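Here the structure comes first, spelled out in structure tokens, and everything after it is commentary.
It should be emphasised that the depicted structure is a prediction, and the values quoted were computed from it without experimental measurement. Chain naming here is simple, since letters A, B, ... match the order of the sequence lines and numbering starts at 1 in each. Any value given below was found using the heavy atoms of this structure, including those in side chains, with hydrogens, waters and symmetry copies removed.
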2 protein chains.
Amino acid sequence: MGQGDGCTVREVLDRVGGKWSIGILVAACQGPVRFSELERRVEGISRRMLTLTLRNLERDGLLRRTVHPTVPPRVEYAATPIALELYESLVALTDWAERHHRTIADARAAYDRSRKAAP
Amino acid sequence: MGQGDGCTVREVLDRVGGKWSIGILVAACQGPVRFSELERRVEGISRRMLTLTLRNLERDGLLRRTVHPTVPPRVEYAATPIALELYESLVALTDWAERHHRTIADARAAYDRSRKAAP
DNA sequence: CAGTATCCCGTCAGATACTG
DNA sequence: CAGTATCTGACGGGATACTG
């Protein structure tokens, strides 16, 4: 990594840091998915946010949108090669979270307790 | 990684997804830093956001805050072991960004052009 | 030096309703 | 089915001023 920057990491976060981006990306990385399928698989997402996030991911070249001109319409979103690569890189982060989320939860609890005692 | 979740990755992002978290973390991972040093090294950050982000990172156990009771006061922030581990994992993301940011920029440009032509 | 305290605004995201 | 449009509130974050 550079010296004191963190800028390139920020570039990833600008792409993937949104509330829903990763959920969608993870789903699409298992294979092409339809709009309504995503609506079901990405728990809690609204139609609006699904559309917006899909557009951004498409814009950044992480998803490819394919419209099958049938009736009713059928639209599929597929992960691009670079999205699949990104998915691989996310594993390192996931592992970190899995290794330490207990520790982090404890740290939080301790911090909050010490602040409740002497504010 | 799990099946269709992405939840554990979100856990990382909740910690590190803020605008300034990574800049601070990267600085602190080179060795303990003082408040005013961070203010200079993390370009563009305000006092307010520096304080807030430091508190969150401390709360999550990613930084340890040490007050030296001298006058004038001297406060140092040191990365904890799990922060150093996280820093390692971020390298994978940085590499991804470095490999593809050209591609992404082009994808954006192409997308925006196609939208300007036929809106 | 190392912070707090306010005010303020823009963006993100939820709810709801409408459409090709 | 796969969206778009609009309104709204919450919150992240900037600018500024004050303090132990």
**Request:** Give the rounded distance in Å between these two atoms: CZ of A:Arg74 and C1' of C:dG20.
**Result:** 19 Å

**pair B:His100-A:Glu85: side-chain heavy atoms closer than 4.5 Å** = yes

**Message:** Please compare A:Pro73 and A:Gly17 by the position of their nearest nucleotide in DNA chain C and report the one closer to 5'.
**Reply:** A:Gly17

**Item:** Donor-acceptor contact present, side-chain B:Thr8 to main-chain A:Thr94, <3.5 Å
**Value:** no

**Request:** Answer yes or no: does a side-chain N or O of B:Ser36 lie under 4.0 Å from OP1 or OP2 of C:dA2?
**Result:** yes

**Message:** Rounded to whole Å, please give me the gap between NZ in B:Lys19 and P in C:dG10.
**Reply:** 14 Å

**Fill in**
From CG of A:Asn56 across to P of C:dC12 the rounded distance in Å is 9 Å

**Item:** Electrostatic pair B:Glu39:B:Arg47 at N-O distance under 4.0 angstrom
**Value:** yes

**Message:** Measure CE/B:Met49 against P/C:dG10 and give the value in whole Å, please.
**Reply:** 17 Å

**Asked** If only atom types and distance count, is the side chain of B:Thr53 paired as donor or acceptor with the main-chain N or O of B:Met49 below 3.5 Å?
**Response** yes

**Request:** State whether B:Arg99 and B:Asp95 are salt-bridged, where the test is any N-O pair (Lys NZ or Arg NE/NH1/NH2 against Asp/Glu carboxylate O) under 4.0 Å.
**Result:** no

**Prompt:** Do we get B:Arg113 above B:Tyr111's six-membered ring, with its NZ or CZ under 6.0 Å from the centre and within 45° of the axis?
**Reply:** no

**Request:** Using modelled atom types only, decide if a donor and an acceptor are shared between the side chain of B:Arg15 and the backbone of B:Glu11 within a distance under 3.5 Å.
**Result:** yes

**Side-chain heavy-atom pair A:Arg10, B:Ile22 within 4.5 angstrom cut-off** = no

**Prompt:** What is the distance, rounded to the nearest whole Å, between atom CD of B:Glu76 and atom P of C:dA2?
**Reply:** 9 Å

**Complete:** When rounded to whole Å, the CG to P distance for the pair B:Leu13 and D:dG12 reads 15 Å

**Message:** Without decimals, in angstroms, what is the distance between A:Leu38 CG and D:dC1 P?
**Reply:** 14 Å

**Under 3.5 Å donor-acceptor, A:Trp96 side chain and B:Ile82 backbone** = yes

**Message:** In dot-bracket form, 5' to 3', how is DNA chain D paired? Count Watson-Crick and G-U wobble pairs only if both distances fall under 3.5 Å, and write | where the partner sits on another strand.
**Reply:** ||||||||||||||||||||

**Asked** Quick one: B:Glu39 CD to D:dA15 C1', roughly how many Å, whole number?
**Response** 14 Å

Please list, for nucleotides 3-5 of chain D, all pairs of protein and nucleotide N/O atoms separated by less than 3.5 Å.
{"residue": "D:dG3", "atom": "OP1", "partner": "A:Arg55", "partner atom": "NH2", "Å": "3.0"}
{"residue": "D:dG3", "atom": "OP1", "partner": "A:Arg65", "partner atom": "NE", "Å": "3.4"}
{"residue": "D:dG3", "atom": "OP1", "partner": "A:Arg65", "partner atom": "NH2", "Å": "2.7"}
{"residue": "D:dG3", "atom": "OP2", "partner": "A:Tyr77", "partner atom": "OH", "Å": "2.7"}
{"residue": "D:dG3", "atom": "N7", "partner": "A:Arg47", "partner atom": "NE", "Å": "3.4"}

